[in-house]
Amino acid sequence: MARIVGIDLGTTNSLVAVVDSGIPYVIADSSGNRLTPSVVHVPGPGQAPLVGMPANRIRALKPRDTAYSIKRFMGRRGAEIPREEMLVTYPVRGEGAGPVTVELGGRSWTPEEVSAEILKKLKADAEASLGGPVTRAVITVPAYFNDAQRNATIKAGELAGLTVERIVNEPTAAALAYGLDRLKDHSRIAVYDLGGGTFDLSILELNQGTFQVLSTHGDTRLGGDDLDRRITDHLVTQIQQAGGPEVTTDPALVARVREAAEQAKIRLSTETEVEIALPFLRSDFSFSCRFSRDQLENLTRDLIERTRAHCLR
C-alpha cells in the first residue's frame, strides 16, 4: 500500500512529513531544507515554474511574475476579498462572484494551480526521499477555512497528482502532534498559531478522542513576515549609519538583507546572540553586526502584543 504523507500547505512556508515506525519526521529536499517557501515564479509562457527557495530569491527581482501568499486567495470570490489583501506585487483579478485569478509569466493562473505547483515540489521531494511514488496525502488547513476553501485545497492536491485522503484543521493537527488526544474527555486547550503570514488562536474540546473546534479568531495579516520586516528595517538603518549603500533602492540588496534577517530570527530561537554578516554590499563596503535576542524582542514586542486581543476575544 502506498504511504500517505502529511502536508502543511502554508501561507509563507510549506512542508511534507511522513510517519516511519510510528515516528513522524519532516522530509528534507535535495538541499537539506525542510521548509519550502510557498513562492512560485513563472519565467515566461511555456517555461517551467520555479518553486520554493529559488523562486523566493528571484522574488525581489521579478515581483510581477512571482506569486506568494497565494493561500489567501484559495476558494474565494472577488467580492469576498478586501482590496488591501489584493495589494501584492503580482497582478490579482477578481470581481463580484467571479473567481480570483493571478497573472504570471504571460498567462492567467487560478490560486489552485499555483498551489498545485508547491504541492508538486513537495510530492517530488517525498518521492526522492522515500524511493517510490507518493500519491496519497493528508493536508492541513486553518480552522476558519469554509467548504469552498477546503474544496479548493483538495483540487490543488488533485492537480498535483495526489489523492487527498483527508483535510485536517491545523490546530487539530498540532494537538495530535503533542499527544493531547490522550487527555481526559471534555478537556479544552488553546492552540496559538503564529505562522509566517497569519495568526490565529483556536479553542479545542476533546470528545471521545475527537477534537472539536469551539472557536477561532486571528489576524490574516500578522505573522513572522512582519518580524522579518522589522529586523530588515533595523539592519537597513544600521547599514546607512555605517556609511553603506541605500539598500531600499536595490531589490537585490533588499533580498539579501531580508534573508539575513530571517536567518538571524531563526537562530535566535536557540541562541541568545548571533552575528549578521553581509559582505560586499558595495564593492568597497561590507557590513557585520551583533544582534541579540533582547534586541529582537524589543523590536517586535508590539507585534506579539497585538495577538493578545485575539486570544482574549
Side-chain angles (χ1 to χ4, degrees), residues 4-17 26-27 29 33 35-43 47-56 58-59 65-78 80-81 85-86 88-94 98-105 107-127 134-170 173 195-198 200 220-221 223 225:
I4 300 178
V5 296
I7 294 175
D8 176 5
L9 183 61
T11 307
T12 305
N13 293 293
S14 297
L15 56 83
V16 58
V26 178
I27 294 171
D29 64 14
N33 299 311
L35 280 182
T36 293
S38 301
V39 182
V40 177
H41 171 71
V42 185
Q47 294 182 268
L50 297 175
V51 181
M53 203 68 74
N56 206 30
I58 207 169
R59 173 176 158 183
D65 292 313
T66 308
Y68 56 91
S69 298
I70 198 68
K71 180 174 174 177
R72 289 179 175 156
F73 304 124
M74 294 273 286
R76 300 172 74 186
R77 301 291 177 177
E80 299 172 349
I81 303 175
E85 282 197 38
M86 290 195 177
V88 289
T89 58
Y90 52 94
V92 180
R93 292 181 175 82
V100 173
T101 59
V102 299
E103 297 292 323
L104 299 171
R107 85 163 176 91
S108 182
W109 295 66
T110 65
E112 292 79 11
E113 289 176 317
V114 177
S115 292
E117 295 299 324
I118 300 167
L119 292 171
K120 285 177 187 176
K121 196 263 185 192
L122 297 174
K123 179 177 184 288
D125 290 341
E127 289 175 338
V134 171
T135 59
R136 305 164 70 200
V138 170
I139 303 178
T140 59
V141 298
Y144 56 78
F145 258 28
N146 59 30
D147 285 344
Q149 291 168 303
R150 291 165 192 265
N151 289 333
T153 304
I154 293 172
K155 183 178 180 182
E158 292 171 345
L159 289 171
L162 294 167
T163 299
V164 181
E165 298 288 346
R166 185 170 296 179
I167 294 291
V168 179
N169 289 324
E170 290 167 0
T198 62
D200 53 83
T220 59
R221 299 187 69 82
D225 292 346

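Counting heavy atoms from C-beta on, the side chains of Arg77 and Pro99 come closer than 4.5 Å. For the pair Pro37/Arg59, no side-chain contact is recorded, criterion being any heavy-atom separation below 4.5 Å from C-beta on. Within the 4.5 Å cutoff, no side-chain heavy atoms of Ile70 are placed close to those of Trp109. Residues Thr66 and Thr89 have side chains not in contact (no heavy-atom distance under 4.5 Å, counting atoms from C-beta outward). Using a 4.5 Å heavy-atom threshold, the side chains of Ser14 and Leu122 count as touching.
Note that the CD atom of Glu80 and the CD atom of Gln149 stand 7.5 Å from one another [nearest 0.5 Å]. Distance CZ/Phe73 to OG1/Thr101: 10.5 Å, rounded to 0.5 Å. Distance CD/Glu158 to CD/Glu112: 11.0 Å, rounded to 0.5 Å. In this structure, CG in Asp65 is found 10.0 Å from CD in Glu103, a value given to the nearest 0.5 Å. Atom NZ of Lys121 and atom OG of Ser38 lie 10.5 Å apart (nearest 0.5 Å). A distance of 9.0 Å separates CD in Glu170 from CG in Leu9, rounded to the nearest 0.5 Å.
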The test is side chain to side chain contact (heavy atoms under 4.5 Å, CB included); show your working for Ile154 and Ile167 and say whether it passes.
CA-CA 8 Å; Ile154 293 172; Ile167 294 291; 3.7 Å; yes

Please walk me through it: do Ile7 and Leu119 pass side chain to side chain contact (heavy atoms under 4.5 Å, CB included)?
CA-CA 8 Å; Ile7 294 175; Leu119 292 171; 3.7 Å; yes

Show the numbers, then the answer: is there a side chain to side chain contact (heavy atoms under 4.5 Å, CB included) between Thr153 and Val164?
CA-CA 9 Å; Thr153 304; Val164 181; over 6 Å; no

Could you give me the CA-CA distance, side-chain angles and deciding distance for Lys120 and Glu117, then say whether salt bridge (Lys or Arg N to Asp or Glu O under 4.0 Å) is met?
CA-CA 5 Å; Lys120 285 177 187 176; Glu117 295 299 324; 3.2 Å; yes

Candidate pair Arg150 and Asn169, rule side chain to side chain contact (heavy atoms under 4.5 Å, CB included), full reasoning
CA-CA 10 Å; Arg150 291 165 192 265; Asn169 289 324; 2.8 Å; yes

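Annotation: Arg107, atom CZ; neighbour count of heavy atoms from other residues, nucleotides and ligands within 6.0 Å is above 12. The number of heavy atoms from other shown groups lying within 6.0 Å of NZ (Lys155) does not exceed 12.
Asn13 and Leu35 make their closest contact through CB-CD2, 4.0 Å (heavy atoms, listed as atom of the first residue, atom of the second, distance). Closest heavy-atom contact between Thr11 and Arg72: CG2-NE, 4.2 Å. For the residue pair Val102 and Val114, the shortest heavy atom distance occurs at CG2-CG2, 4.0 Å. For the pair Thr220 and Tyr144, the tightest heavy-atom approach, listed with the atom from each and the gap, is CG2-OH, 4.0 Å. Summarising the geometry of Val134 relative to Glu127, their closest heavy-atom pair is N-OE2, 3.0 Å, with the distance given to 0.1 Å. Residues Asp125 and Thr36 share a closest heavy-atom pair of OD2-OG1, 4.3 Å.
Asn151 places a side-chain N or O within donor-acceptor distance of the main-chain N or O of Asp147, the cut-off being under 3.5 Å. Between the Tyr90 side chain and the Tyr68 main chain, a donor and an acceptor come within less than 3.5 Å of each other.
The closest side-chain donor-acceptor pair between Thr12 and Asp225 falls under 3.5 angstrom.
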